There are 2 protein chains.
Amino acid sequence: MKVVDFTETTPALCCTPLLQVTLDEDQAAELADVLKALADPVRLRLVSLIATAADGEICTCDLPALVGRSQPTVSHHLSILVKAGLLEREQRGKWAWFALRRDRLAQVSDILVNPG
Amino acid sequence: MKVVDFTETTPALCCTPLLQVTLDEDQAAELADVLKALADPVRLRLVSLIATAADGEICTCDLPALVGRSQPTVSHHLSILVKAGLLEREQRGKWAWFALRRDRLAQVSDILVNPG
DNA sequence: CCTTCATATTGACATCTTTCGAAATGTTCC
DNA sequence: GGAACATTTCGAAAGATGTCAATATGAAGG
């Protein structure tokens, strides 16, 4: 069960084979939700921008220009990533800062890794 | 460039950090296409069924019953997975057999892995 | 070639997604 | 509290997606 439970908070080990267990419908739906959150060009760019930012976090204020989308659209995409547990949001004064949850990305990654 | 080019055929090393490079629009669109192919519950179940099958491959004939979808729907999902490079199709007599391209799954997985 | 069985394609429909402008909410500072 | 700015929510339009029944295509064996 552990191998398909990617909702746990402890980071999974790297290269743990995961698709050796057939996913049931609930597990598949849960994993699909996280992958859907990642499976959009704008959201991937947001994630990579945050991942490569100086301190692993970034202020929303610059993002609309960086991804070429309106501010409401960027807000929408960020909320999807937060809801999927892939980003963390922190309010600092007027601005909102977003940080990547690398442990969560690693969990998704592990599920896809094939047995070594 | 290598770190974001997941279309190459050689399997990427496990745990190579990948999101240290900001994706441009083309790279993001390309990666999103592969993730979209995975981001569906039925397709995830198909992938996991094939991954856990006896010889790493499975005959289409049983799949509609296993995932609870009609034959055309399963055929549709399989073609999406093949087009994304995640499955390989082989015709054997009347039946079509599908095998998982684990190298390709590993590439996608690596892109999501954070630096160790 | 003609039948039979396996798979793919087509057409149609309902649902979900992406996107933006406009309006609402939240936060700071005076 | 009110002005100013940042962010979210709302409403709507255009497009993409999942699904199945019906039909077409492909392969095997007489």
Side-chain angles (χ1 to χ4, degrees), chain A residues 23 25-26 28-50 53 57-99, chain B residues 23 25-26 28-50 53 57-99:
Chain A
L23 302 172
E25 292 200 30
D26 288 344
E30 199 176 341
L31 177 53
D33 282 342
V34 182
L35 289 172
K36 263 183 222 162
L38 281 172
D40 176 89
V42 172
R43 290 196 288 272
L44 281 175
R45 294 204 66 210
L46 290 170
V47 166
S48 72
L49 280 166
I50 295 171
E57 57 183 9
I58 205 168
C59 171
T60 314
C61 44
D62 301 320
L63 291 177
L66 287 171
V67 299
R69 293 297 188 287
S70 73
Q71 183 271 320
T73 296
V74 169
S75 173
H76 169 66
H77 286 305
L78 288 171
S79 80
I80 287 176
L81 289 168
V82 169
K83 191 177 298 179
L86 294 166
L87 292 185
E88 260 173 9
R89 190 201 129 113
E90 191 191 354
Q91 186 84 24
R92 293 189 202 157
K94 277 195 253 190
W95 294 275
W97 289 72
F98 289 86
Chain B
L23 302 171
E25 293 199 29
D26 288 343
E30 200 175 342
L31 177 53
D33 282 341
V34 182
L35 288 172
K36 262 184 225 163
L38 282 172
D40 176 90
V42 173
R43 291 197 288 274
L44 281 175
R45 294 203 67 211
L46 290 171
V47 165
S48 71
L49 282 167
I50 295 171
E57 56 183 9
I58 206 168
C59 173
T60 313
C61 43
D62 301 321
L63 291 177
L66 287 171
V67 300
R69 293 296 188 286
S70 73
Q71 178 271 319
T73 297
V74 169
S75 173
H76 169 65
H77 286 305
L78 288 171
S79 81
I80 287 176
L81 289 167
V82 169
K83 191 178 296 179
L86 293 165
L87 293 185
E88 260 174 10
R89 192 201 127 110
E90 191 190 354
Q91 186 83 25
R92 293 188 201 160
K94 278 196 250 190
W95 293 275
W97 290 73
F98 288 85

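In what follows, chains are A, B, ... by sequence order, proteins preceding strands, each numbered from 1. Predicted model, so just to flag it, every value in this text is computed and none were measured.
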Output the rounded distance in Å from CG (A/Leu63) to P (D/dT7). 9 Å
Atom CZ of B/Arg92 to atom P of C/dT7: distance rounded to whole Å? 12 Å
Any A/Thr73 side-chain N or O less than 4.0 Å from OP1/OP2 of C/dT19: no
Out of D/dG18, C/dT9, D/dA6, whichever nucleotide has its closest atom nearest the side chain of B/Ile80: D/dG18
I need the CD-P distance between A/Gln91 and C/dT27, as an integer number of Å. 6 Å
Candidates D/dA27, D/dT7, D/dT19 - which lies nearest the side chain of B/Arg69: D/dT19
Against the side chain of B/Lys94, the closest entry in C/dT18, C/dA6, D/dT7 is C/dA6
If you count heavy atoms of other groups shown closer than 6.0 angstrom to CD of B/Glu25, is the number above 12? no
Whole-Å distance separating the NE2 atom of B/His76 from the C1' atom of D/dA21: 15 Å
Between P of C/dT17 and CG of A/Leu38, the distance in whole Å: 14 Å
Does B/Gln71 contact C/dA6 through a side-chain donor or acceptor facing the base, at a distance under 3.5 Å? no
Rounding to an integer number of Å, can you tell me how far A/Leu46 CG sits from D/dT7 P? 13 Å
Ranking C/dA22, D/dT19, D/dT7 by distance to the side chain of A/Thr60, first place goes to D/dT7
Closest to the A/Phe98 side chain, choosing from D/dA6, C/dT17, D/dT8: D/dT8
Using whole Å, report how far CG of B/Leu81 lies from C1' of D/dT17. 14 Å
Side-chain atoms of A/Val42 come closest, of C/dT27, C/dT19, C/dA8, to C/dT19
If you check the B/Cys59 side chain, which of D/dT8, C/dT7, D/dG18 turns out closest? C/dT7
Please say which of A/Leu86, A/Ile80, A/Leu78, A/Asp40 ends up in a side-chain contact (heavy atoms from CB on, under 4.5 Å) with A/Leu46. A/Leu78
Phosphate contact (C/dT18 OP1 or OP2) by A/Arg43 side-chain N/O below 4.0 Å: yes
Closer than 3.5 angstrom, by distance alone: can the side chain of B/Arg43 be matched with the main-chain N or O of B/Lys36 as a donor-acceptor pair? yes
Does C/dA8 have OP1 or OP2 under 4.0 Å away from a side-chain N or O of B/Arg89? yes
